[in-house]
There are 2 protein chains.
Amino acid sequence: MDQRAEHILDCIINQYVTTAEPVGSRALSKLLEMKLSAATIRNVMSDLTDMELICQPYTSAGRIPTDKGYRYFVNKILAIEETKEDTKPIKSLQESTQGQSKQLPQRFEDILLAATRELAQITNCTSVVMSPQPAVSRLKKIELIPLSLTQVLVVLIMQSGMVRNKIVHFRETPSETFLTRLSHILCVYFEGRTISEIRTSLIEKLSQNSETNQESLPLAIRLGKKAFDIEDQGDLYIFGRSNICGFPEFSSQQTLEIIFRAFDDKQALVSFFSDVMDIEGVQIRIGNENKTHDLDQCSVLATSYGNKENLLGSIGVVGPTRLNYSEVISAIDYSSQKLSLAVSQFLD
Amino acid sequence: MDQRAEHILDCIINQYVTTAEPVGSRALSKLLEMKLSAATIRNVMSDLTDMELICQPYTSAGRIPTDKGYRYFVNKILAIEETKEDTKPIKSLQESTQGQSKQLPQRFEDILLAATRELAQITNCTSVVMSPQPAVSRLKKIELIPLSLTQVLVVLIMQSGMVRNKIVHFRETPSETFLTRLSHILCVYFEGRTISEIRTSLIEKLSQNSETNQESLPLAIRLGKKAFDIEDQGDLYIFGRSNICGFPEFSSQQTLEIIFRAFDDKQALVSFFSDVMDIEGVQIRIGNENKTHDLDQCSVLATSYGNKENLLGSIGVVGPTRLNYSEVISAIDYSSQKLSLAVSQFLD
DNA sequence: TTTAGCACTCACTTAATAAGAGTGCTAACT
DNA sequence: AGTTAGCACTCTTATTAAGTGAGTGCTAAA
């Protein structure tokens, strides 16, 4: 792959990203700083087409990048991103966050929501935040509250400030004192452990405990098992759906319906936003790289936030494949860092 | 207003609702059981047009109902609805709910989400549920948990099973024992009271309390005030946005963008879904009756759920003005009853 | 290897025409 | 007085045709 060809590919992508129009050889010849005739550029373009990095919507139209072309382009960006150290943004972040921190006391969810809001606004895409996975969150406190004769409300309070509640159904009726005793025991044993850790050692610990008398042990184990049996995936917060409507590539209502269906479903997004957390840096799925066919006109970008020992969620955007990737990547980086800061302020 | 004219209006609306096409006099003449010539019907239509109940998109097109026309039509439906007693649906509901209740233990939010999901599916519209207003929910338990030196996590557990958390910021650092004592006191005093009740009597009760020693009283009051100072509006859950894309009247992406902006904002919806709770029965805003210009192509229908003494939220849909109102109204009624049942099972 | 020139393709625009659905009005009918 | 038939008129939609222009691919010359 020629360096000149590479540069021409870059130009085609940049141009197409801003105009949303196929770019032709003549226009490119004028645009390019290195002076080349349209005919020469046509030759190069022909090569790029053979490599399936660009294509033409119809014979004798200008060229537009293919998903593969975007991928080639994006990989270069990511490689550059990797080399340079970026400690600067965090500093300015800390200041700006400090300024805002006085604003209003918030729910944990509101912090996530605020991050989504801001990211959607600066990227002009639909933004998505996945809340920290309960399974890897560390327990701070557990409350067991009788709701009715056969139902117990379990409230899990995590060290991160995240609160999860679930309703557990029963055959028998646990007494109120039993519940308070049990929750106390669980707190003592498991404070600071992650939910998944608790799940594995639950039976063992409870059995060891001398306080629990023998007849109530089975009930305690049953209740404990159910209490900590929560979904591994976090909740998904989506914001800025209206932004998607603005793009010319999504002018048909059918296309929009498909995309919004994917948003309603959340399935595909949850899957990607979970995977993202295992890898460092912004992860990107371009067009047909998405596992759902529903999103094959979109690019999805995301990265994780938080700190690995305590809590971990992910944040990113959904937009058209025709994105200013460089900008969006930094925006996500920025948001991720800001959000990490915001949620980690509760961890001493 | 003639009875015949009224019937013709009904037919125009019914026809238009199913076909989405303007209906003409000839078609109507064939459709109508009472045999009238097209010419006669034209005369009647002319009258209806003068009354602004129907209009024509352009000269020499068929007629379509105006917002006012829909309103006239809907008022009749509501009047009929009012007269007939509807105890039957509840019975069949109880059975169907009982069948499902074993399915899976859920979070309180999941119950609301499931209701939204179902309503969206049966109405083919976008559905909206507003969670019970915290202000009128009754307290079951309050937890005060230190997060960092200057921050306390407040967890409010309501009798309904709803859980609210918020983070309260401080200058000084309350000791852990102080927090446990305070939360215990608050529980004893205020269990079973609504949050707004608590807000009004908070200072008085705390001051009376002999347990609180004098120096910590101001801190206790400050903390209590902040703890119970939560938004009066519930959260809004929206589902089935993709359904909106299907309607031919929303074919333009601009229209869609406007509607989705309203969904992102939530402001307008929250306002309507709050108002709804003060009134019995399904409330309806047709087209320009909506207070936001953004929704003047839509109809919004909603009713409250829950039982007045304990908790109150609202549930409804957003769709085009061209709706089968009768069906959607019953669907909302059904969902409201089902949801009421689902949430009230926790109240003994 | 690069460039200039030329024929060709295809979408988009505009205009003109035709078809069709529906109205409004008038006059006749019951 | 209410109802009907007939007819001219209006306005949208579909279709066709021609013209325009951007852009390509190929060939031959520099």
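Labels below follow one simple rule: chain letters A, B, ... track the order of the sequence lines, proteins then strands, and each chain is numbered from 1.
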A/Ile54 CD1 to D/dG23 C1', straight-line distance once rounded to whole Å: 13 Å

Donor-acceptor side-chain pairing of B/Ser242 and A/Asp264 below 3.5 angstrom: yes

Sugar-phosphate only, base, or nothing, as touched by A/Arg26 at under 4.0 Å among non-hydrogen atoms: nothing

Donor + acceptor pair across side chains of A/Asn288, A/Asp67 (<3.5 Å): yes

Base C/dT9 paired with A/Thr59 side chain (donor-acceptor, <3.5 Å): no

Polar pair under 3.5 Å, donor/acceptor by atom type, side chain B/Arg42, base C/dG24: yes

Nearest-nucleotide pick for B/Leu36, side chain only, options being D/dT24, C/dG24, D/dT4: D/dT4

Out of C/dT3, D/dT4, D/dT10, whichever nucleotide has its closest atom nearest the side chain of A/Ser37: C/dT3

Parallel, tilted or perpendicular: ring planes of B/Tyr325 versus B/Phe73, cut at 30 and 60 degrees: perpendicular

OP1 or OP2 of D/dA22 under 4.0 Å from side-chain N/O of A/Gln56: no

Under 4.0 angstrom between A/Arg4 side-chain N/O and C/dT1 OP1 or OP2: no

Proximal nucleotide (of D/dT4, D/dC11, D/dT24) relative to the A/Ser25 side chain: D/dT24

Polar contact flag, side-chain donor to acceptor under 3.5 angstrom, A/His7-A/Asp10: no

Integer-rounded Å distance: D/dG23 P and A/Met45 CE: 9 Å

Nearest-angstrom distance from the residue atom CD1 of B/Ile41 to C1' of D/dG2: 14 Å

Closest to side chain of B/Ala39, choosing from D/dA5, C/dA4, C/dT9: D/dA5

Spacing between B/Asn43 atom CG and D/dA5 atom P, to the nearest angstrom: 13 Å

Side-chain donor-acceptor pair present, B/Ser46, B/Thr49, cut-off under 3.5 Å: no

Closest listed nucleotide, where the reference is the side chain of B/Ser60 and the choices are C/dT2, C/dT23, D/dT10: D/dT10

